[in-house]
**Student:** 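Below you'll find the structure I mean.
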Amino acid sequence: MHGMPDPKEQLERIRRRTEAIIPEEELLHKLERSCRTGEPLRVKLGIDPTAPDIHLGFSVVLQKLRDFQDMGHVAVLIVGDFTARIGDPSGRKTTRPMLSPEEIERNLQTYKEQIFRILDPDPAKVEIRHNSEWLASMTFEGVLELSSRYTVARMLERDDFHQRFHEGVPITIREFLYPLAQAYDSVAVRADVELGGTDQRFNLLVGREIQERYGQEPQVAVLLPLLVGTDGVKKMSKSEGNYVGITEPPQEMFGKLMSIPDSLIEQYVRLLTDLDWEALNKEHPLTQKKRMAFEIVKRYHGEEAAARAQEEFERVFSKRERPTDVPRVEIPSAKLEDGSLWIVELLEAARLVQSRSEARRLIQQGAVELDGQRVESVEARVAVRDGMLLKVGKKRFAEIVLRGDGA
RNA sequence: GGAGGGGUACCCAAGCGGCCAACGGGGCCUGGCUGUAAACCAGGUGGCACUGCCUUCGGGGGUUCGAAUCCCUCCCCCUCCA
């Protein structure tokens, strides 16, 4: 393995945007040895097969894994198909849905398509494993073996377990098994490093100890900051609906990024772009946000698409003009009476509302516009013309296309 | 094994025979102000051509003129003691 950068330089690069490296000296040793022997480090990252959409929060971790790859190391992706059955108690969320092997495989395909927009697909630098490979076949004896290598007291050190224990909130034995199973993954793939968000700190540290108990050199935990979601409060996650997916269309991405609270701009710029925050910080927040959104869209869709997304955003929201791409909705002319239609029915036919009651409410609230003209009355009948623009709220648009009877 | 507390709309949570399509908060939607930010103000947040009707309060059955509210039964969750 030649062309591998100097270990100190590597460490420097790994440190960027990283929350913690535990312990840092060990990582340096591993890097030095790797450089000497030409043996790449095995860098483990667990992926959750229940949520195949990759969002910007996870991209921070993936980007770091990419850094490792670029320095010549191997990404070892662990599909947590078996651990998904246990359900990670981190953050004490309710249990996740059980997935069939087929669903998991389907998700993995989606995952791969997305993951390689960030990772290097070079087969020499990626290894994808399912943890059912070694966990599903583990005997009860194996489980005893594994579980005898960790103590209840150590388990209870974990913040959420600790809290639950003291509040009298039940903790099942099964939940104790989760960190152990994840830790065993590290043994199975002989991980040198494991990546994760800061919420994974405990799990990754258990991995270290378990590896040691199985006679392996412990992995180094590299923790990355958790990105706050577009709501500005909770960490970005699919289930909270506060995420930006890396495969979302440019327009959507740009819009979502513009809607984050100002207080998040710095974090997004630092974690998701290579922009110089110190310089950017002198600008107006709106400018900062646009630059940030532009950079991110550019990363996933290219410069041209990013520029178009920005123009479009400015046209629709700043200048309140008509978007370039408005969904077209066919209205059979048979529905019309003397060329006109009840506004509520029109909204329904255009699928801009979910029910007529909703349509009525929105009209009453002044949210409905026809060709830029606010609809004042719920009872209104409107003359429908081909190419008419229907608008509900700030972002729901539809263009009416009249369809003749004969067609 | 014993004792007790619960299951209400997207979430939390009131209501405990009619005034309940169900208080309040969060979230979300809409309007205003704006920079599609935040903050703030106002309204909305089952369905239906709608001064009314229909479907909702874990499932099923019953009492009653009338039930989210009372009774029976089933399912599920939780706490404490052993």
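All heavy atoms count here, side chains included; hydrogens, waters and symmetry mates do not. Letters A, B, ... are given to chains in the order of the sequence lines, protein chains preceding strands, and every chain is numbered from 1.
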**Student:** Please examine the side chains of A:Gln251 and A:Arg308, heavy atoms only from C-beta on, and report whether any two atoms are closer than 4.5 Å.
**Tutor:** no
**Student:** When the C1' atoms of B:G15 and B:C65 are considered, how many whole Å apart are they?
**Tutor:** 23 Å
**Student:** A:Arg13: which residues meet the salt bridge (Lys or Arg N to Asp or Glu O under 4.0 Å) condition with it, sequence neighbours left out?
**Tutor:** A:Asp67, A:Asp70
**Student:** Which atom pairs link the protein and nucleotides 31-33 of chain B when you take only N or O atoms and keep those under 3.5 Å?
**Tutor:**
unit_1	atom_1	unit_2	atom_2	d
B:G31	O4'	A:Gln365	O	3.4
B:G31	O3'	A:Arg374	NH2	3.4

**Student:** Can you check whether A:Arg361 has a side-chain N or O nearer than 4.0 Å to OP1 or OP2 of B:C50?
**Tutor:** no
**Student:** Taking only side-chain nitrogens and oxygens of A:Ser263, does any of them come within less than 4.0 Å of OP1 or OP2 of B:A38?
**Tutor:** no
**Student:** Under the side chain to side chain donor-acceptor pair (under 3.5 Å) rule, collect the residues that match up with A:Asp386, sequence neighbours excluded.
**Tutor:** none
**Student:** Under the side chain to side chain contact (heavy atoms under 4.5 Å, CB included) criterion, do A:Leu227 and A:Gln267 qualify, and how do the steps go?
**Tutor:** CA-CA 8 Å; A:Leu227 189 71; A:Gln267 191 188 6; 4.2 Å; yes
**Student:** Could you state the atom-to-atom distance from CD of A:Gln354 to C1' of B:G47 in whole Å?
**Tutor:** 13 Å
**Student:** Give me the distance, rounded to whole Å, that separates B:A14 from B:U8 when you measure between the C1' atoms they each carry.
**Tutor:** 9 Å
**Student:** Tell me, with the steps shown, if A:Glu105 and A:Gln109 meet side chain to side chain donor-acceptor pair (under 3.5 Å).
**Tutor:** CA-CA 6 Å; A:Glu105 270 328 287; A:Gln109 283 316 310; 4.7 Å; no
**Student:** Looking at every strand, decide which applies to A:Ser355 at a 4.0 Å heavy-atom threshold: base, sugar-phosphate, or nothing.
**Tutor:** sugar-phosphate
**Student:** Of all heavy-atom pairs between A:Leu205 and A:Ala221, which one has the smallest distance, and what is that distance?
**Tutor:** CD2-CB, 4.4 Å
**Student:** What distance, rounded to whole Å, do you find between the two C1' atoms, one in B:U64 and one in B:C12?
**Tutor:** 33 Å
**Student:** With C1' as the reference atom in both, quote the distance from B:G35 to B:G43 in angstrom, rounded to an integer.
**Tutor:** 24 Å
**Student:** For RNA chain B, what are the stems built from at least three Watson-Crick or G-U pairs in a row, each pair having both distances below 3.5 Å?
**Tutor:** B:1-7 with B:75-81, B:10-12 with B:24-26, B:27-32 with B:40-45, B:46-48 with B:52-54, B:58-62 with B:70-74
**Student:** Mind checking if A:Gly232 touches a base, just sugar-phosphate, or nothing, with heavy atoms under 4.0 Å?
**Tutor:** nothing
**Student:** Quickly work out the A:Leu347 CG to B:C29 C1' distance and round it to whole Å.
**Tutor:** 15 Å
**Student:** Would you mind reporting whether A:Arg42 and A:Val189 have side-chain heavy atoms less than 4.5 Å apart?
**Tutor:** yes
**Student:** In whole angstroms, how far is the P atom of B:G35 from the NZ atom of A:Lys289?
**Tutor:** 12 Å
**Student:** Could you give the distance separating B:C78 and B:C28 at their P atoms, to the nearest angstrom?
**Tutor:** 30 Å
**Student:** Considering only heavy atoms from C-beta outward, does the side chain of A:Arg356 approach that of A:Glu345 to under 4.5 Å?
**Tutor:** yes
**Student:** Set out, line by line, the N/O atom pairs under 3.5 Å between protein and nucleotides 53-57 of chain B.
**Tutor:**
none

**Student:** Side-chain contact test, heavy atoms from C-beta onward, threshold under 4.5 Å: evaluate it for A:Arg291 versus A:Val269 and give yes or no.
**Tutor:** no
**Student:** Do A:Tyr243 and A:Ser237 have side-chain heavy atoms sitting under 4.5 Å apart?
**Tutor:** no
**Student:** Just by distance, with hydrogens left out, do A:Gln10 and A:His73 show a side-chain donor and acceptor under 3.5 Å apart?
**Tutor:** yes
**Student:** Using the C1' atoms only, state how far B:G25 lies from B:G1, rounded to an integer number of Å.
**Tutor:** 42 Å
**Student:** B:C74 and B:G26: how far apart are their P atoms, nearest whole angstrom?
**Tutor:** 41 Å
**Student:** Is the shortest side-chain heavy-atom distance between A:Val222 and A:Glu24 below 4.5 Å?
**Tutor:** no
**Student:** Hey, is the side chain of A:Ser357 poking within less than 4.0 Å of OP1 or OP2 on B:C48, counting only N and O atoms?
**Tutor:** yes
**Student:** Among pairs that include at least one residue of residues 362-383 of chain A, which meet side-chain hydrogen bond (donor to acceptor under 3.5 Å, both in side chains), considering only residues two or more places apart or in two chains?
**Tutor:** A:Ser340-A:Arg381, A:Asp371-A:Arg385
**Student:** How far, in whole Å, is B:G66 from B:A13 if one measures between their P atoms?
**Tutor:** 33 Å
**Student:** Could you check A:Lys256 against A:Arg381 and say which one's nearest nucleotide on RNA chain B is further toward the 5' end?
**Tutor:** A:Lys256
**Student:** Measure distances between side-chain N and O atoms of A:Asp231 and base N and O atoms of B:G27, and say whether any donor-acceptor pair falls under 3.5 Å.
**Tutor:** no
**Student:** Looking for any heavy atom pair under 4.0 Å, which part of the strands does A:Ser318 touch: base, sugar-phosphate only, or nothing?
**Tutor:** sugar-phosphate
**Student:** Between A:Arg356 and A:Lys234, which residue's closest nucleotide on RNA chain B lies nearer the 5′ terminus?
**Tutor:** A:Lys234
**Student:** If you check the A:Arg396 side chain, which of B:C29, B:G35, B:A38 turns out closest?
**Tutor:** B:C29
